[in-house]
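Data block below; observations after.
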Amino acid sequence: MGSISEAPDVTVGVLALQGAFSEHLQLLRQAEQVLAVTTPVPRRKWVFLEVRTEAELALCDALVIPGGESTAISLVAERSNMLDPLRDFVKQARKPTWGTCAGLILLAESANRTKKGGQELIGGLDVRVNRNHFGRQTESFQANLDLDFLKKSDGGSNAPFRAIFIRAPVVERLLPHMPGVQEGEAETEETVIAPSRSTDQSFISTIQGAEVEVMAILPGRTATLSKEAKEKLDSEAGDIVAVRQANVFGTSFHPELTGDPRIHTWWLEQVVDAVEKRRALA
Amino acid sequence: MINDLPAVMASELPATNGNSASNNNGESNFTVKTGLARMLKGGVIMDVVNAEQARIAEEAGAVAVMALERVPADIRANGGVARMSDPKMIRDIMATVTIPVMAKARIGHFVECQILEAIGVDYIDESEVLTPADHAHHVEKHSFSVPFVCGCRNLGEALRRISEGAAMIRTKGEAGTGDVVEAVRHMRTVNADIARARNMDDAELRVYAKDLQAPYELLKETAKLGRLPVVNFAAGGVATPADAALMMQLGCDGVFVGSGIFKSGDAAKRAKAIVQAVTHFKDPKILAAVSEDLGEAMVGINCMSMEPEQKMQGRGW
């Protein structure tokens, strides 16, 4: 108590409306153990909790939106009065948020191939995602990814990350950051967009990365696309499967199914960084 | 009240679990098969007989739909041989919704499974609701690229199915009755079987494996985990939000609802209510709110008054 070697608690929520939330909680606990060894001082108390209500979300410094069915999560969120609190959390407060698969779809400002009548998005990443990009379940697969962002915290092991793609989306277009909604996207057929929220200016100085940063590319899978779809792709190198923008991180694959805590560990380090900057300002 | 949850609540499913059941068939595709089941957790899978019902299910927040020609209540009423559905009907549903589409094949009918795989369904249910096609053999499921879900009444049956390649299990219950008693019986039986295994040493587990007619390695893994080694949904008789939450509190990972939705008065409203109940299964206030004013539940059949030969759960072994 009061010792200089103890850092303040950090509370990380995992949205538990539907999907693979328990897997994320397990990997976060694994990552906590890794951090306890690699950065033993200051000792930090992590709190990981399932989030189903606005009151639970209010306790969180950071949030994971897990894989699941994005339509189901979105509809349950709406009926549980969680959509606006989530938009405020991600886009106004810009607290660290990470979405995997369905979570990435919900965090996109624009999505296509949604159900008839569209679906509600939270937004936060200026990208357009293509749902079920690779096809149905029989097209689900695993692949090795080289993730440069892991190399610093990985002790230079450089081992590829075994990524699991299940009816996965990809980022098919990076969008320019603009005030308000993505107007160009609103006019694109069969594409849905997220409502806008302006960022809380009191913490703006602590947030880096106004534009979207591509964090991972899946090489060689663009062969599955039609010629027209290929021409629309911004990147020639492959499909964009991880992106980051101003505290919001998204992956189209499932690190929570691997038993490999490297991405969770890296993300918790980003969370600590963001939370400390914010607390220093408050 | 929440503190009085039964002691049978399952512990969590480890993130990488299930690989021991794989046949190491090239790429470890069992991870991908069980992965989709994990994505369905905390959700409701609804039986639908046409594209219109599939849309209602999708709008209600279903995580997947089960495409079949007749819901179990009608199969029960009509009698005759119940088979795989017309591929055209399944394709229509696949073209209409963006959520995963499952379809049923008869127990042991591996050609129906080949056809369903060729259509591209996301999961196959080798189901006792249809008339079995083989008196002794279940389908060898490992060689398919499409994953399978199978029913069980107890731990031995569940582990036999996993050993054959099922990537997901559902407790059978008694389909088409709207009576949850058999779903509860099967879930409690699985939980009790696992609780027994947990207290056994290796020598006892070998004997228990013989009694259960289940592979020793899978039994040992189950005993260590304190739960089934793959995702387990409840099925067969869930008709209300309270039924769904009951099965979740007993430790299921999610719920199948068959006749319970489209044989009720207001299908869309009941479907939404059951979805909310599965997410908020530990919150009686929310359960009370979503249970209000749902209209007529399906009429149902009291399982206690049924003759053994009228029950579907005894099909499969």
Side-chain angles (χ1 to χ4, degrees), chain A residues 15-27 29-30 50 52-53 66-80 82 100-102 113-117 119 131-132 135-143 162 164-168 253-261 264, chain B residues 11-19 27-29 31-45 55 58-64 94 96-102 117-124 144-147 231 253-254 272-273 275-276 278-283 286 290:
Chain A
L15 192 67
L17 299 176
Q18 189 273 319
F21 47 87
S22 111
E23 285 78 356
H24 268 296
L25 288 164
Q26 294 172 57
L27 266 288
R29 290 195 295 263
Q30 270 190 51
E50 294 178 2
R52 290 183 180 82
T53 62
E69 270 308 310
S70 69
T71 54
I73 296 174
S74 167
L75 287 166
V76 173
E78 189 178 351
R79 291 172 199 148
S80 304
M82 286 291 281
T100 58
C101 194
R113 295 176 69 180
T114 60
K115 72 174 173 63
K116 290 200 174 73
Q119 74 176 72
R131 282 185 73 218
N132 300 344
R136 306 195 72 95
Q137 171 62 11
T138 49
E139 317 299 329
S140 294
F141 62 98
Q142 303 185 59
R162 190 70 175 157
I164 301 170
F165 294 85
I166 296 173
R167 289 170 50 97
F253 53 97
H254 293 282
E256 75 278 16
L257 300 187
T258 57
D260 181 346
H264 285 80
Chain B
S11 50
E12 58 196 7
L13 183 61
T16 57
N17 192 63
N19 294 334
E27 188 94 340
S28 166
N29 70 12
T31 305
V32 170
K33 290 176 172 179
T34 54
L36 179 56
R38 290 171 185 274
M39 296 309 138
L40 303 175
K41 284 193 301 178
V44 182
I45 301 170
R55 280 288 299 131
E58 186 175 50
E59 284 302 324
V63 289
M94 287 167 60
T96 304
V97 295
T98 64
I99 54 179
V101 176
M102 300 182 164
E117 181 172 67
I119 301 172
V121 301
D122 296 293
Y123 243 89
I124 295 176
F144 286 84
S145 62
V146 59
V231 167
D253 295 315
K272 282 180 199 169
V275 168
Q276 289 301 106
V278 167
T279 294
H280 299 287
F281 69 94
K282 286 184 280 195
D283 188 332
I286 295 181
V290 301

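Below, read A as the first sequence line, B as the second, and so on, with proteins coming before strands; counting in each chain starts at 1.
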OG1 (B:Thr34) and CD1 (A:Ile164) are apart, to the nearest 0.5 Å, by 8.0 Å

Validation row: A:Leu75, B:Lys272 side chains within 4.5 angstrom (heavy atoms) = no

Whatever's closer than 4.5 Å to a heavy atom in chain A on B:Val97 counts as neither

For B:Ile99 and A:Arg167 the tightest heavy-atom approach is C-NH2, 3.6 Å

query = Do side-chain atoms of A:Arg52 reach the backbone of B:Thr279 as a donor and acceptor pair under 3.5 angstrom?
reply = yes

Answer key: most heavy-atom pairs under 4.5 Å with chain B among A:Pro66, A:Ser74, A:Gly135, A:Ala20 is A:Ala20

Okay, A:Leu17 and chain B: the region with an atom under 4.5 Å from a heavy atom over there is both

Output for pair (A:Thr53 OG1, B:Ile286 CD1), nearest 0.5 Å, gives 7.5 Å

Of A:Ser80, A:Cys101, A:Ser140, A:Gly117, the largest count of non-hydrogen pairs under 4.5 angstrom with chain B goes to A:Ser80

The reported gap from CD in A:Glu139 to CG in B:Asp122 (rounded to nearest 0.5 angstrom) is 10.0 Å

Looking at side-chain heavy atoms only, is the closest gap between A:His254 and B:Met39 below 4.5 Å? yes

If you tally heavy-atom pairs under 4.5 Å between each of B:Gly43, B:Gly61, B:Ser145 and chain A, the highest tally belongs to B:Gly61

Whatever's closer than 4.5 Å to a heavy atom in chain B on A:Leu257 counts as both

Pair count under 4.5 Å, heavy atoms only, with chain B: among A:Gly259, A:Ala102, A:Gly19, highest is A:Gly19

Here the pair of heavy atoms bringing A:Lys116 nearest to B:Thr96 is NZ-O, 3.3 Å

Rounded to the nearest 0.5 angstrom, the CG-OG1 distance for B:Asn29 and A:Thr138 is 11.0 Å

The interface call for B:Val44 against chain A, heavy-atom contacts under 4.5 Å, is neither

Rounded to the nearest 0.5 angstrom, the NZ-CD distance for A:Lys115 and B:Glu59 is 3.5 Å

Sorted by chain and residue number, the salt bridge (charged side-chain N to carboxylate O under 4.0 Å, His left out) partners of A:Arg79 (sequence neighbours excluded) come out as none

Bottom line for B:Glu58: the part with an atom under 4.5 Å from chain A's heavy atoms is both

Are side-chain heavy atoms of A:Gln137 and B:Val146 found at a separation under 4.5 Å? no

Is A:Gln18 reaching over with its side chain to a backbone N or O of B:Lys41, donor-acceptor style, under 3.5 angstrom? yes

Heavy-atom closest pair (B:Ala62 atom, A:Ala72 atom, distance to 0.1 Å) is O-CB, 4.1 Å

Kindly indicate whether the side chain of B:Thr98, heavy atoms from C-beta on, has any atom under 4.5 Å from the side chain of A:Arg113.
no

Of B:Val290, B:Val278, B:Val63, the largest count of non-hydrogen pairs under 4.5 angstrom with chain A goes to B:Val63

